[in-house]
Every structure is written in C-alpha cells, then in structure tokens.
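One structure, pasted below without further comment.
Chain A is the first sequence line, chain B the second, and so forth, proteins listed ahead of strands; every chain is numbered from 1. Any value given below was found using the heavy atoms of this structure, including those in side chains, with hydrogens, waters and symmetry copies removed.
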Amino acid sequence: MKFLFIISLIFYALGAFFSLKPKVSYFLGFGGSVSAFITGCLALGHGTVFWKFSLLNHIMLSLAIDHLSAVFLIIASISWLALALYSVDYSKLYPQRRISLGFNLSLIGMLLVLTAQDAITMLIGWEIMTIFVFLMMQNPGKHFERSFRFLAFGELSTVCLLIGFAALFALTGSFSFDALKHGSPFILIMISLGFIIKMDIVPFHGWMRGIYGEIPDNTAALLSAPVTLMGVYGLERIIPLVPQNQAWDIIIILLGAFSAFWGGMQAAAADKIKLLPAYSTVENNGMILTTIGFYSLAQGFNTPILHYLSLFALATSIIIAISHTLAKTLLFMSVGHAKEAYDVHTIDEARGIWSGVGRIPAIGIVISALSFSAFPPLIGYAGEWMILETLFQSYRFPSTALAFFTALAGILIALAIGTISFAMIKIIGYNALGYDHGRKSRYIPHQLMHISEIGLEFLLLLGGIGLPLIIIITGFSKLLIGLLGVPAPLVLASGNPVFGVISPTFIGIIMLVLMIIPSFIFIKGKKKVRKVDSWNGGIRIAEGEFFSAPAYSQILEHILRKFYRTCEKRAKTHASIVIEDVLIEPSETVARVIRKLGEKVASVLMNGKISAYITYILILFITVFIIGMLVF
Amino acid sequence: MKILIGIVESGSEEYLFVLENGKPVLIKADDKLIGKFANYEILRQKPLKINDKPIKGPGVFKFRYGPVTSGILEAGCYHLYTYGEKILNATINISWKKRDLEQAMQQKSPEESLFMAERICSNFAMSHSLAFSRAVEMALDIRPSLLTHNWRTLFIESERIYNHLHVIQKLASSAAQKVLAAHLSALFEDALRLSEALTGSRYLMGVNHIGKLSPTPEVSIIQKIIDGYQELKERFTKLYKKSLSDNNYLDRLHSSGTLTQEQAQTFGLTGPSLRACGVKGELYDDSRHLIDLPVITKKEGDALARMEVRAEEIVNSCQYLIDHLRVSDSWPEEGDEKVQTENTGGTGYALVNSPSGALGYYVEIVNRKMKQVNIFTPSYPGMHAISQVLEGHIFTDFPFVVDSFGVHFADAAC
C-alpha cells in the first residue's frame with residue numbers, strides 16, 4: 001500500500017516535471033490517480049501508516065491512511081482519473097504548461113490532505129492544493145483580479161486553519177489530530193470555518209461568480225468537485241474528534257441549509273453555462289454541511305434512536321459527497337466539452353448538444369443533472385432522499401428549539417432541492433436535449449473525453465442501483481435491512497424504529513423490467529420517422545421566436561425579486577433583466593476596501609522615494625524580529 | 001370635441017374625415033389642422049404591422065401568437081416581445097386579413113359594393129352596411145323614409161347587444177368564470193335569434209339596402225320580440241350584478257390595459273373604449289330623432305371599465321328596442337323620402353355608431369359605379385391602442401386587454 005502511495009506521488013511529480021508535454025503530463029496524472037484509487041481500495045480493509053517524522057521535540061508529522069481517508073481517497077481519485085483522462089484530449093485546446101503542472105501538483109496537495117494525520121502536514125497539503133489550483137486559473141491579462149479573489153478566499157481558509165491549529169498547539173502542545181479531543185469551542189469553530197470556506201459555503205462563495213466562466217473546464221471541475229471535497233473531508237475528520245458544541249452545530253446546520261437554498265436559487269437563475277454547475281456546488285456542499293452538523297448534534301445525545309440518526313446523517317453526508325463529486329465532475333466535463341465545441345459561454349448559445357456536439361456529452365449532462373435533481377435510481381436520488389429523511393426526523397430531538405431549527409433547515413433544503421431541479425431541467429432541456437438551431441460545432445479530439453464521460457455516467461447509474469454496496473463499503477451496514485419481501489441488505493432504513501425506507505436497487509430493477517417491454521415494442525415496431533420543421537400558428541418558427549433560457553428563469557426571478565434584486569433595464573429597443581447575488585456584496589466591499597488600501601499603501605511606500613522604501617523594510621524587519629523573539 | 005376618423009385623398013387634395021360635436025365632417029387638410037390630431041400620422045401611413053418596434057436584449061424573444069391559433073378567432077398575429085412573462089412590446093400584424101376591399105369595390109355598382117361592405121366583418125355587418133348605404137345615399141341624394149331610418153337605428157342596437165354580449169362572454173371565459181361565460185353564451189345565442197326574428201338574418205345581413213330596407217317584421221311577432229328583449233335584459237342584469245360581486249373576476253379586469261383620456265384621444269379611439277375613459281360627446285347623434293340614449297361613461301379606462309360600459313349599454317339598448325318596437329306600428333310609412341333619384345354620381349360620407357366605435361365610409365360615385373371608397377373602422381385605432389397598452393403586462397393579462405376592446409382583424413384590415 002505504501003508502495004502504491006509512493007507510486008502515486010512519483011507519477012504526479014513526473015506529471016509536473018513533464019508539464020511542457022501536456023499529454024504526457026496528464027497521462028502520468030492518470031497513472032497516479034489509478035494508483036491512488038487502488039491505495040484507497042486496499043486501505044478500506046485496514047489502514048496503514050506511511051510515514052512518521054519528528055520535526056521538533058513535540059511535533060510529529062505523519063502520513064497515514066485509515067477508513068475515512070480511504071473512502072475520501074476513492075471518491076477523489078475517481079474524479080482525478082476521469083479529469084486526467086479528459087484533460088489529455090482537452091489539452092489540445094489549453095496546452096499551457098501551468099495547467100498541467102498545476103493539475104499534478106494540486107493532486108499531490110490533495111493526496112497529502114487526505115493522508116495527513118497532523119495539522120502541519122495537512123496545512124502543507126492544503127497550501128499546495130490552493131496555490132496550484134490558483135496557478136491553473138491564471139491567464140495573463142485576463143481575469144487577473146478575479147483569480148486573486150479565489151486565492152484570497154483560499155488563504156482565508158488557511159488562516160482560519162492556522163489559527164485553529166495554533167490554538168490547539170497552545171492548548172495541548174500537539175499538532176496531532178488525536179489532540180483534537182482536548183480541543184475547545186474556539187478551535188472547533190476556527191478549524192471548521194477553514195474547511196467551510198473551502199466548500200464555497202455562502203457567504204464564502206463571493207469569488208466564483210466572475211471566474212468560473214473564464215477558466216478552463218478541467219480546472220473548473222477540479223475546483224468544484226475534488227477541491228471542495230477536501231473541505232468535506234476536513235470536517236468529517238475533525239468534527240467527530242473535537243468536543244461537541246451544540247450552538248455551533250445548529251449554526252452550521254442552518255448555514256448549510258441556507259447555503260443550499262441560496263445556491264439552488266442562484267443556479268436556477270444562472271445564464272452562463274458554467275455558473276449553473278458552480279452554484280450547484282454551493283447547494284450540494286450546503287446539504288453536506290447540514291448533514292455533518294446534524295450528525296454532530298445527534299451524536300451529542302446518548303440515546304439509541306439519536307445514535308442511529310447521527311449514523312444515518314453521517315452516511316448521508318458521504319453519499320451526497322460521492323454523488324456530488326462524481327456528478328459535478330461529469331457535468332463540468334460534458335458542459336465543457338460542448339462549450340468548447342460551440343465556443344460559447346451562455347446556456348442560450350449552447351443549445352442542442354445531443355445533435356450539435358455529440359450523444360455522449362449530452363447523456364453526461366442528462367445523467368449528472370438528473371442525479372442532482374434526485375431522479376431515481378441515480379445516486380443523487382438516494383442522497384437527497386436521505387437528507388430529507390434525516391431532517392424530517394427532527395422531532396426526535398428532546399428539545400423543541402433543536403427540533404425547530406433542524407426542521408427549518410429541512411424546509412430550506414426542500415426548497416433547495418426544488419430550485420436545483422428547476423435549474424437542472426434548464427440545462428437538460430436547453431443544452432443537452434434542446435434544438436440545436438443548426439449550429440455547427442468545431443471538432444475537438446474526444447476519444448479519451450468520451451471514455452472518461454462514459455465511465456462517470458455508468459458510475460452514477462450504478463452508484464444508485466448499487467447503493468447498498470456503497471453503504472457497506474463506507475461502513476454503515478447497520479443502516480441496511482430487509483423489508484416487505486425485499487431481501488436484506490437491499491433496503492436502507494432512515495430511522496430506528498423505522499421512519500422511512502428506500503431501495504434504489506429494487507427501484508432500478510423495477511424500472512429496468514418496466515422499460516424492457518415498451519423498449520421491445522418500440523424497437524420491433526419502429527417505423528420510418530419523417531422529420532419536419534416546428535410550426536407555430538401555421539408558420540415555421542423563426543430564429544428569435546424560440547423560448548429563451550433566460551425566459552425560463554424569469555418567472556422565478558420575478559417571484560423572488562426581493563432575493564434576486566431583480567432589476568429591469570429598458571431602452572427604446574433594448575431590454576434586459578439584471579439580477580444580483582446580494583451575498584457576494586460583503587466580499588465585494590472587502591475587495592474594494594483592500595484595493596483602495598493597497599493603492600494608498602502603494603502611493604505612500606512605493607512612490608519611488610528611497611527613504612520611504614527603507615522605512616518600509618525597517619518596519620517589516622523589526623516586526624518580524626519582535627514576533628520571532630516572542631515565539632521562541 | 002373633434003376626433004380624426006380618417007384621411008381621404010380625392011384627386012390631388014387631402015381631406016380630414018372628422019367627427020365634430022356628433023357630426024361627421026370633411027375638412028380640407030392644412031398643416032394647422034393636421035397638428036391638432038395626434039393620430040394623423042398613424043392614419044396617413046396606415047401600417048399593417050402596428051407598433052413594429054422589435055426589442056432586443058439577452059433572453060428577449062418574440063412570442064408569436066397567430067396567425068392560426070386557438071384563442072384568436074381570425075387570421076391575425078400578435079408578436080409579443082418578452083423575457084418569458086412580461087410583455088415588453090406588442091406588434092400586431094393585421095396583414096393576414098388585408099383583402100384590399102376599398103380597391104375591390106371600385107367600378108362596382110353601389111348594390112354590389114354594399115354586398116361586399118356587409119361582409120367585411122360579420123360582427124359589424126349592419127354597421128358597415130348602414131355606413132356605406134348612408135354614404136351612397138348622400139352621394140346620390142337619396143333620402144330614405146323615416147320608417148327606414150327608425151328601423152335602421154333599431155337594427156344597430158340589435159347588433160350592439162349581441163356584440164357586447166360576445167365581448168363580455170369572452171372576458172368571463174378568459175377569467176375562468178365558466179358558469180357566467182356559459183350563461184352569457186346562451187344569452188348571445190338568444191340575441192342572435194332575436195336579430196333573426198327582427199330581420200330574418202342572425203347577423204343582420206341582407207336587410208339594409210340603398211335607401212330602403214327589406215320588409216320589416218310582422219306586427220304579430222313584434223310582441224314576441226319585445227318579450228324576448230325584455231327577458232334578455234332581465235337575465236343579463238341579474239348575471240351582471242352577480243358578476244360584480246365576484247372579486248376573482250373583477251381582479252383580473254381591474255387595472256388591465258388602462259388608458260387615459262389623453263391616450264385614448266391620441267389613438268383616435270371612439271366607442272366604449274373612449275367612453276370607459278370618461279369621455280362623453282363623441283357619439284354621432286343619428287338617433288336623436290327618437291330619444292336620446294343615456295351615454296354610459298366610466299373614469300378608470302381599464303378593461304373593467306370597458307366591460308362595465310358595454311354591460312350597461314346592453315341594458316340600455318334592450319330598453320331602447322323594447323320602447324321603440326312597442327310604438328313601431330305607429331311610425332308613418334310615407335314621408336319626405338326620396339328613394340329614386342336621377343343622380344348617377346356624387347360624393348358622400350357617413351358615420352355609424354358601431355358596437356366598438358365610429359365606423360365611417362367615404363364614397364365617390366361616377367355613372368353609378370364606385371370610383372373611390374374609403375373605409376374607416378374602429379378596430380384600426382383599437383389595435384393601435386391594444387399594442388400600446390399591452391406593454392408591461394404579463395401574459396395572463398393578454399386576453400383581458402385584447403378582448404375588452406372588442407376589435408376584429410377583419411374590421412381593422414379590410
């Protein structure tokens with residue numbers, strides 16, 4: 001296992017080394033990810049310590065893999081290997097060295113995060129990941145400031161983690177995760193905030209609106225799926241260890257639920273083809289955060305019913321994390337494929353992927369979007385059913401206040417599921433299956449793109465049908481029962497005593513059987529199809545008469561105009577609707593203040609006067625010296 | 001009050017056909033006079049694509065409603081520019097019903113042309129027939145008898161009743177007031193049957209001729225017709241009162257398609273649409289020889305006000321018919337009429353208070369053949385008003401705005 005782990009690191013390092021030859025680099029990244037995947041699979045049975053190193057007297061650094069690391073490594077590595085394979089073809093469009101270099105090195109960072117057993121190693125991995133993903137986003141002369149906003153949020157996350165772990169060291173004298181059980185509420189808040197920021201939870205999503213549409217699609221997929229997964233992993237790693245704090249649990253439950261609602265709502269109104277999946281990440285990670293908070297809250301009560309419920313909530317968070325990582329990777333890959341083939345940016349422009357670009361990316365969009373829309377028997381269906389079942393058992397809490405807040409979160413999550421389905425129908429209806437309007441797409445080498453897309457499509461389908469297997473592998477076999485003639489372990493029970501049950505396997509089988517007969521009749525009786533133009537009112541529909549994608553969302557933007565701050569701009573022959581994400585405003589204000597501050601500082605210190613520069617250096621030197629003296 | 005109804009070009013001269021203090025007049029155009037009428041340019045250019053100002057923008061598309069669509073009974077087309085729900089601009093294409101009837105009537109005899117005029121728009125068959133025949137009578141110096149004059153006035157009221165019933169039925173149906181709509185449909189059918197009893201034609205066709213009428217109803221059946229209108233009036237009054245207590249219905253009409261007096265006059269509107277804005281005195285006083293009908297006006301100018309004007313006019317018209325049919329046997333058959341004439345040519349013009357407003361004809365006759373015919377219908381300015389007031393409404397308001405004006409593509413385009 002250790003050998004495989006080292007092989008992964010070597011592959012990624014070689015991938016970075018050969019970054020001038022993007023194809024080779026991505027192939028090496030693929031090899032590293034395969035190795036990481038096998039490492040994760042082998043570690044499911046029993047964990048192992050890879051490496052231990054004593055940095056100073058009290059500080060031990062270690063890399064190890066346990067069951068939780070293994071589960072997250074498997075999830076992440078599937079996304080990595082699909083993206084690596086996809087990027088081999090994609091690198092024809094974006095051959096820049098920084099992207100392949102950043103890709104491989106950011107995977108090393110993530111690998112370190114997933115196997116770190118202490119704060120310092122995790123922070124090293126965390127920074128490597130952040131900085132090299134930032135490198136992938138760079139594009140000289142373009143969206144320079146926007147990518148720095150991502151870095152600012154990434155560093156804010158690091159600062160929170162740094163403060164949290166420093167406090168842990170100050171309290172316990174250790175950086176080891178084991179020391180977290182002696183942690184304080186402050187440590188819990190700071191560390192979990194660090195991970196929450198990385199998950200793009202509202203209001204820490206302010207950087208994404210401007211940048212997602214501009215960066216390459218493999219970068220966007222990496223940013224949205226595996227990178228945010230690291231935040232989920234971090235929370236799942238530390239929350240069970242730090243002493244529970246009920247107030248913080250409630251805060252993160254509500255923050256997650258609100259984030260889900262907000263992300264869903266903004267996704268529904270998104271007009272850029274990559275902004276929609278980006279906001280869906282805010283929604284999905286909000287759901288995950290809620291379930292993690294719920295897990296922690298329920299865990300605090302020592303009753304069998306709530307213990308079962310906490311276990312179910314934890315399983316829910318992992319199922320949604322799996323569903324999100326795989327579906328989001330697939331969605332970005334498919335959307336990116338089509339976007340590049342059409343060379344467009346908006347949902348309205350990228351219509352008719354099925355006929356205009358290809359069946360496989362269209363199916364990719366359909367399957368991933370259906371999974372986000374909780375369509376049975378896909379894995380997203382299981383995840384979203386599980387979160388609703390979790391939250392609607394809020395009455396099991398002994399306190400009315402807890403029951404109220406968790407039920408409130410349930411309402412927000414239900415609304416989020418509704419709005420995200422609305423958004424996904426848009427992307428399915430307009431982009432995947434819509435009319436192509438005769439648009440011609442440019443040729444992109446796509447053999448490996450197709451292989452990675454098909455692979456994820458199957459995984460999403462099989463992930464739902466094979467849910468019991470995933471539940472067993474992730475260590476929640478207690479949640480599986482047999483009921484009403486459906487044999488164990490095909491039924492997933494949400495409560496004990498039973499509250500609700502589901503069997504995606506059984507649903508899958510029934511759907512398959514029900515599809516066989518109509519499919520047989522359809523294939524047998526297939527007649528010649530004559531295609532004609534669409535007509536309306538006795539006349540052929542002209543371009544400009546088709547229902548536009550923004551129009552699809554307009555009614556929602558009108559009804560929820562207080563949330564969207566919907567504003568109509570009207571000139572004599574021109575009209576448009578402008579909506580805002582008001583929760584970006586705080587970060588925009590901070591950005592404005594920092595920019596002004598920067599300009600002021602620059603005008604004082606970097607004004608060409610040598611005396612000012614020497615003063616600046618002196619002040620900096622004295623400050624560092626004093627801090628050094630105080631620390632050591 | 002002066003309302004520009006149409007523009008007539010005769011030879012090299014241009015004349016304005018104006019309704020002035022209840023009388024149609026033809027005035028030679030000059031710049032000073034033209035400047036007084038805001039609708040001059042519209043009537044001058046007479047575009048078949050009304051308010052053709054495409055809107056562009058992200059997500060803006062053109063929703064085409066028509067020309068063959070359930071919901072629009074005629075071949076006509078609304079182009080609604082929208083982001084999905086709100087109507088940003090409405091262009092109305094009336095060209096599908098353009099039959100160039102003004103040209104088609106040329107070189108036809110007055111009788112043949114009357115036949116065509118009657119069929120321009122069947123809902124306004126009597127209005128067209130009457131306006132045309134009056135214009136011809138003026139041109140040829142024919143003076144119909146008082147009896148003819150009186151019966152014609154009754155026929156116009158009969159046409160008004162069934163048209164107004166039709167409009168209100170459509171509004172009720174669009175507002176999902178299915179019971180009310182069904183009752184109004186029944187009343188509409190009754191009104192058509194009463195028209196048939198009165199004239200032999202459900203749509204009052206083939207009754208009116210140049211200078212005369214087909215035989216009027218037998219005295220023996222007049223009482224039956226009076227009873228019919230009496231019953232119609234009572235049933236409608238009951239329904240109308242009940243409908244005014246239904247907030248669901250009224251809310252749909254209230255504030256939909258609101259016009260101010262100034263806007264209405266800018267478009268050159270007449271009829272219920274103008275009276276619903278509180279304007280009185282535009283009625284052509286051709287019925288003054290009988291008794292004055294009370295003029296119904298409302299102030300609000302919205303679809304509800306237009307519906308109320310029509311509803312109250314139904315009651316008034318029924319009462320008018322009842323009162324005058326009762327005394328119809330006492331009308332003198334002979335008088336100062338002049339049905340036969342030696343004239344073979346001349347110029348004439350006339351206006352009729354059609355159910356939806358002033359409907360006018362200008363004719364020039366040479367050797368008993370039509371040399372020039374100009375038709376001015378209330379639906380044309382009505383279409384302009386609709387295209388303007390639709391802006392800013394959402395799609396669900398569309399039928400209330402459109403139907404409340406009671407206009408027809410066939411009438412607007414000719």
Side-chain angles (χ1 to χ4, degrees), chain A residues 213 268-273 275-276 344-351 422-423 425-426 429-430 434-435 437 533-561 564 566-579, chain B residues 47-98 255 387-399 402 409-410 413:
Chain A
D271 55 351
K272 302 272 189 310
I273 194 159
L275 193 61
L276 190 154
V344 293
H345 288 280
T346 65
I347 292 172
D348 229 12
E349 292 167 325
R351 296 187 193 190
F422 184 88
I425 288 166
K426 178 158 73 172
Y430 282 92
Y435 173 48
H437 299 261
D533 291 321
S534 301
W535 288 63
N536 172 33
I539 307 174
R540 191 181 164 206
I541 299 177
E543 281 299 321
E545 289 185 351
F546 286 88
F547 203 82
S548 68
Y552 172 82
S553 314
Q554 200 242 320
I555 188 69
L556 202 67
E557 291 162 13
H558 179 72
I559 294 167
L560 300 176
R561 56 190 174 278
Y564 286 117
T566 309
C567 165
E568 191 181 350
K569 291 191 172 172
R570 186 73 203 267
K572 206 172 179 185
T573 57
H574 194 273
S576 61
I577 285 185
V578 180
I579 58 156
Chain B
L48 293 175
K49 267 192 170 182
I50 293 166
N51 194 24
D52 188 18
K53 294 171 193 160
I55 304 287
K56 289 185 177 165
V60 177
F61 69 101
K62 183 170 74 178
F63 177 78
R64 182 161 47 74
Y65 193 43
V68 184
T69 313
S70 65
I72 303 178
L73 299 177
E74 304 167 88
C77 194
Y78 295 91
H79 300 277
L80 307 174
Y81 293 87
T82 177
Y83 318 106
E85 199 61 34
K86 186 178 173 182
I87 298 168
L88 299 167
N89 176 264
T91 301
I92 306 176
N93 185 350
I94 60 170
S95 66
W96 303 92
K97 270 291 187 184
K98 183 71 181 163
S255 298
S387 72
Q388 291 291 332
V389 296
L390 272 174
E391 187 179 324
H393 283 78
I394 56 171
F395 273 111
T396 42
D397 292 331
F398 178 83
V402 172
F409 284 98

Does NZ belonging to Lys62(B) count more than 12 external heavy atoms closer than 6.0 Å?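 Enclosed: over 12 neighbouring heavy atoms sit under 6.0 Å from NZ of Lys62(B).
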Applying side-chain contact (heavy atoms from CB on, under 4.5 Å), name anything that partners Thr573(A), two or more places apart in sequence or on another chain.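 Per chain and number, Thr573(A) pairs via side-chain contact (heavy atoms from CB on, under 4.5 Å) with no residue.
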What part of His558(A) lies closer than 4.5 angstrom to a heavy atom of chain B: side chain, backbone, both or neither?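 No part of it gets close to chain B.
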Taking all heavy atoms of Gly84(B) and all of Ala551(A), pick out the closest pair and write down the distance.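 For Gly84(B) and Ala551(A), the tightest heavy-atom pair comes out as CA-CB, 3.6 Å.
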Mark yes or no for whether Arg64(B), through its side chain, and Ile539(A), through its backbone, hold a donor-acceptor pair below 3.5 Å.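 Looks like yes, one N/O pair under 3.5 Å.
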Does any non-hydrogen side-chain atom of Tyr83(B) lie less than 4.5 Å from one of Glu568(A)?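 In short, these two side chains touch, coming nearer than 4.5 Å.
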Measuring heavy-atom distances to chain B, does Ile555(A) have an atom under 4.5 Å in its side chain, in its backbone, in both, or in neither?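 Contact with chain B: side chain only.
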How long is the span from the CD1 atom in Ile394(B) to the CD atom in Gln554(A), to the nearest 0.5 Å?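 One gets 9.5 Å once the value is rounded to the nearest 0.5 Å.
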Option that, when pairs with chain B are counted at under 4.5 Å, heavy atom only, ranks first among Glu557(A), Lys569(A), His574(A), Lys572(A):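 Top count of heavy-atom pairs under 4.5 Å with chain B: His574(A).
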If you measure from CD on Glu391(B) to CZ on Arg570(A), what distance do you get to the nearest 0.5 Å?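 Nearest 0.5 Å value for the CD-CZ distance: 4.5 Å.
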Can you pull out the residues in residues 48-61 of chain B with any heavy atom less than 4.5 Å from chain A?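 Answer by number: Pro54(B), Ile55(B), Lys56(B), Gly57(B), Pro58(B), Gly59(B), Val60(B), Phe61(B).
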Heavy-atom cut-off 4.5 Å, strictly under: side chain, backbone, both or neither for Ala549(A) against chain B?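 The answer is neither part of Ala549(A).
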